[in-house]
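Below are the structure tokens for one structure; questions will follow.
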Amino acid sequence: MERTLPWNWYTDPEVLRLEQERIFTRSWQYVGHKGQATDPGSFFTAMAGRTPIVVTRARDDELRAFLNVCRHRGSVVAHGSGRRETLQCSYHAWTYGLDGKLRAAPRSDRELDFEDEELSLVPLALDTWGPFVFVNPDVDAPPLAEALGPVPAQVAEVLDVDSLEFRFRTEFELDTNWKVACENFLECYHCPVAHPGFSAVVDVSADAYKLESNGLTSSQFGHLRAGDASVFAGGDIPHGQFHFLWPNFGVNIFPGSPNLSCGPIIPVGPERTARFLDYFFAPDVDERWMNELIAFDNQVGREDTALVEGVQRGIRSGVLDAGRLMPQSEQLVAHFQRLTAEALAY
Ligand code: FES
Ligand SMILES: [Fe+2]
């Protein structure tokens with residue numbers, strides 16, 4: 001019998017503290033896309049788990065990531081996004097270059113031995129896959145390409161990610177633990193029951209819907225039902241691909257015209273999760289097709305919200321201490337739970 005993770009891991013603040021320390025400060029986190037800092041002299045901010053991040057493109061055109069925390073007394077330094085040559089903390093006006101170096105600290109000339117060269121913003125690892133920007137607070141982490149494994153090549157079979165244009169971002173929060181949201185993404189065992197619209201278009205039967213895991217990634221491949229005449233039929237992309245990079249990054253590619261949406265699943269509390277999804281399309285994708293896809297996706301999203309919030313209400317009761325996984329249909333959930341348990345184990 002394959003047991004789930006203990007259900008108190010989905011409500012206990014101490015487990016979330018350990019996850020922040022042992023998972024989120026050591027893994028690749030999607031923070032946005034290159035279009036948010038195209039020109040030298042620009043920056044944007046993001047959160048990687050609970051870690052505030054600023055991504056900059058300085059005059060030397062290099063994309064860099066820093067901990068967005070002032071070296072003085074710890075205020076968050078940059079807000080939002082913009083174009084400027086320096087980042088100034090709003091507390092006491094310490095000012096940093098986009099290369100992270102401390103340029104000015106008011107009254108520092110009155111202090112003995114003010115070691116400004118040791119007070120740069122803390123650099124973090126930054127890496128990209130096509131237009132997608134990832135940050136890892138652990139500068140010694142293996143490269144992003146290693147983490148992504150076979151996923152970029154699988155995506156490249158149907159889509160050139162470099163040709164995609166960013167269109168919009170959706171943001172929302174869920175009353176559930178971040179792991180419940182990830183696990184829900186990782187199985188389509190619930191699709192025939194809970195997603196009638198999706199299941200009418202994609203063949204979600206156990207033999208047709210393919211699951212695959214590899215290192216830190218999990219992938220699902222769903223073909224259109226034979227004879228499907230929906231808006232998804234007959235486009236450049238013959239089947240759907242849904243990828244996940246542990247611990248918390250999802251990618252959706254639907255059949256049809258070139259499309260991709262992706263984003264992180266971020267814990268904001270033991271029972272509260274924030275998500276955002278960045279939507280990209282090829283430049284020539286028809287506006288009407290795009291709207292149909294978004295309406296379809298929003299419907300699936302509403303259905304999933306009800307599911308994950310229902311799970312949280314069930315598992316938080318504390319009477320049962322774990323559930324029972326289906327090792328075939330939920331093999332990607334089992335993979336996720338193994339990686340998570342291993343990361344927390346030391
Ligand atoms: S905390 Fe940033 S300048 Fe004081
Ligand atoms: Fe779902």
Side-chain angles (χ1 to χ4, degrees), residues 43 45 52-54 66-79 84 86-97 100-111 114-116 118-122 170 172 174-206 209 211 218-222 240-244 248 250-254 261-263 265 273 275 277 293-312 314 326 329-333 336:
F43 75 95
T45 56
I53 306 283
V54 58
F66 300 100
L67 182 67
N68 187 16
V69 173
C70 186
R71 297 298 304 275
H72 176 217
R73 295 228 328 275
S75 174
V76 165
V77 178
H79 300 277
R84 44 180 303 159
T86 56
L87 302 173
Q88 187 173 68
C89 181
S90 53
Y91 201 170
H92 314 89
W94 283 28
T95 304
Y96 302 88
K101 290 206 172 66
L102 180 63
R103 294 278 173 77
R107 302 189 205 171
S108 57
D109 55 337
R110 301 168 77 99
E111 303 293 331
F114 185 76
E115 61 287 8
D116 48 358
E118 285 163 37
L119 293 168
S120 301
L121 292 177
V122 174
T170 58
F172 52 102
L174 302 163
D175 282 321
T176 197
N177 181 270
W178 71 279
K179 298 188 292 299
V180 172
C182 293
E183 291 164 7
N184 177 66
F185 181 88
L186 286 168
E187 48 95 355
C188 209
Y189 181 40
H190 71 276
C191 295
V193 187
H195 297 312
F198 181 84
S199 304
V201 174
V202 175
D203 187 348
V204 293
S205 63
Y209 194 86
L211 308 174
S218 293
S219 300
Q220 303 170 65
F221 302 91
Q241 298 189 4
F242 308 97
H243 301 285
F244 184 83
N248 67 330
V251 178
N252 307 299
I253 300 170
F254 286 94
S261 61
C262 65
I265 296 169
T273 295
R275 296 200 58 182
L277 271 174
L293 173 77
I294 293 159
F296 180 88
D297 202 19
N298 288 343
Q299 176 59 30
V300 175
R302 278 191 295 273
E303 291 161 358
D304 279 325
T305 296
L307 298 175
V308 298
E309 294 188 343
V311 167
Q312 191 68 27
M326 301 291 276
S329 295
E330 295 173 325
Q331 54 186 273
L332 305 185
V333 178
F336 170 86

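Keep in mind it's a predicted model, so treat the numbers as computed, not measured. Counting from 1, the numbers follow the sequence of the chain as shown. FYI, side chains are in, hydrogens and waters are out, and symmetry mates aren't considered; it's all heavy atoms of this structure. Read the numbers this way: they start at 1 and go in the same order the structure lists the ligands and their atoms.
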Distance-only polar pair, side chains of Gln88 and Thr95, donor-acceptor under 3.5 Å
yes
Please report the number of protein N, O or S atoms that lie less than 2.8 Å from atom 4 (Fe) of ligand 1.
2
I'd like to know if the side chain of His195 pairs up with that of Asp304 as donor and acceptor (distance under 3.5 Å, no hydrogens or angles considered).
yes
Protein N, O or S atoms lying under 2.8 Å from the Fe ion (ligand 2), listed by chain and number
His190 NE2, His195 NE2, Asp304 OD1, Asp304 OD2
Treating Asn248 as the side-chain partner and Ile265 as the backbone partner, does any N or O pair qualify as donor plus acceptor under 3.5 Å?
yes
Applying the side chain to side chain contact (heavy atoms under 4.5 Å, CB included) criterion to Tyr209, which one of Phe242, Tyr189, Phe221 satisfies it?
Phe242
Audit row: Leu87, Phe43, side chain to side chain contact (heavy atoms under 4.5 Å, CB included) steps and yes/no:
CA-CA 9 Å; Leu87 302 173; Phe43 75 95; 3.9 Å; yes
Measuring only between side-chain heavy atoms, which start at C-beta, is Gln299 closer than 4.5 Å to Arg302?
yes
Output every pair passing salt bridge (charged side-chain N to carboxylate O under 4.0 Å, His left out) with a member in residues 195-205, not counting sequence neighbours, ordered by first then second residue.
Asp203-Arg225
Which residues pass the side-chain contact (heavy atoms from CB on, under 4.5 Å) test with Arg110, not counting sequence neighbours?
Arg107
Heavy atoms of Cys191 and Ser199 approach each other most closely as O-OG, 2.9 Å
